[in-house]
Amino acid sequence: MELLDLGSGIVTPPWLPLLLVGVLLAVLALLYLSLRRHLGRIDLPDAPADEPRG
């Protein structure tokens, strides 16, 4: 009886985890840039100086 080696290079290439990390970092960078762009579009009205903030 022969057991299959699921950790071999054929099933999981050694560069696959590095590729997945790169893809996830690229997605996070795009989300960060999109968030900065959208936060820059928010225009908050200035409160008058005589009104208390709160």
Side-chain angles (χ1 to χ4, degrees):
M1 183 162 122
E2 185 177 327
L3 295 175
L4 295 175
D5 183 16
L6 296 178
S8 69
I10 296 171
V11 177
T12 305
W15 48 263
L16 185 62
L18 183 61
L19 178 68
L20 291 176
V21 167
V23 168
L24 288 175
L25 285 175
V27 168
L28 284 175
L30 289 174
L31 286 173
Y32 175 73
L33 292 174
S34 175
L35 176 69
R36 283 189 57 193
R37 186 171 54 108
H38 284 288
L39 285 177
R41 290 182 179 179
I42 296 175
D43 185 29
L44 297 176
D46 294 331
D50 57 348
E51 287 186 17
R53 297 185 108 179

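We use all heavy atoms of the structure for the numbers below, so side chains are in, but hydrogens, waters and symmetry mates are not.
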Exercise. Identify whether V23 and L30 are in the same connected component of the hydrophobic contact network (ILVMFWY, side-chain heavy atoms under 4.5 Å).
Key: no

Quiz item: Which other residues end up in the same hydrophobic cluster as V21, if Ile, Leu, Val, Met, Phe, Trp and Tyr are linked when side-chain heavy atoms come under 4.5 Å apart?
Solution: L25

Quiz item: Which other residues end up in the same hydrophobic cluster as L33, if Ile, Leu, Val, Met, Phe, Trp and Tyr are linked when side-chain heavy atoms come under 4.5 Å apart?
Solution: Y32

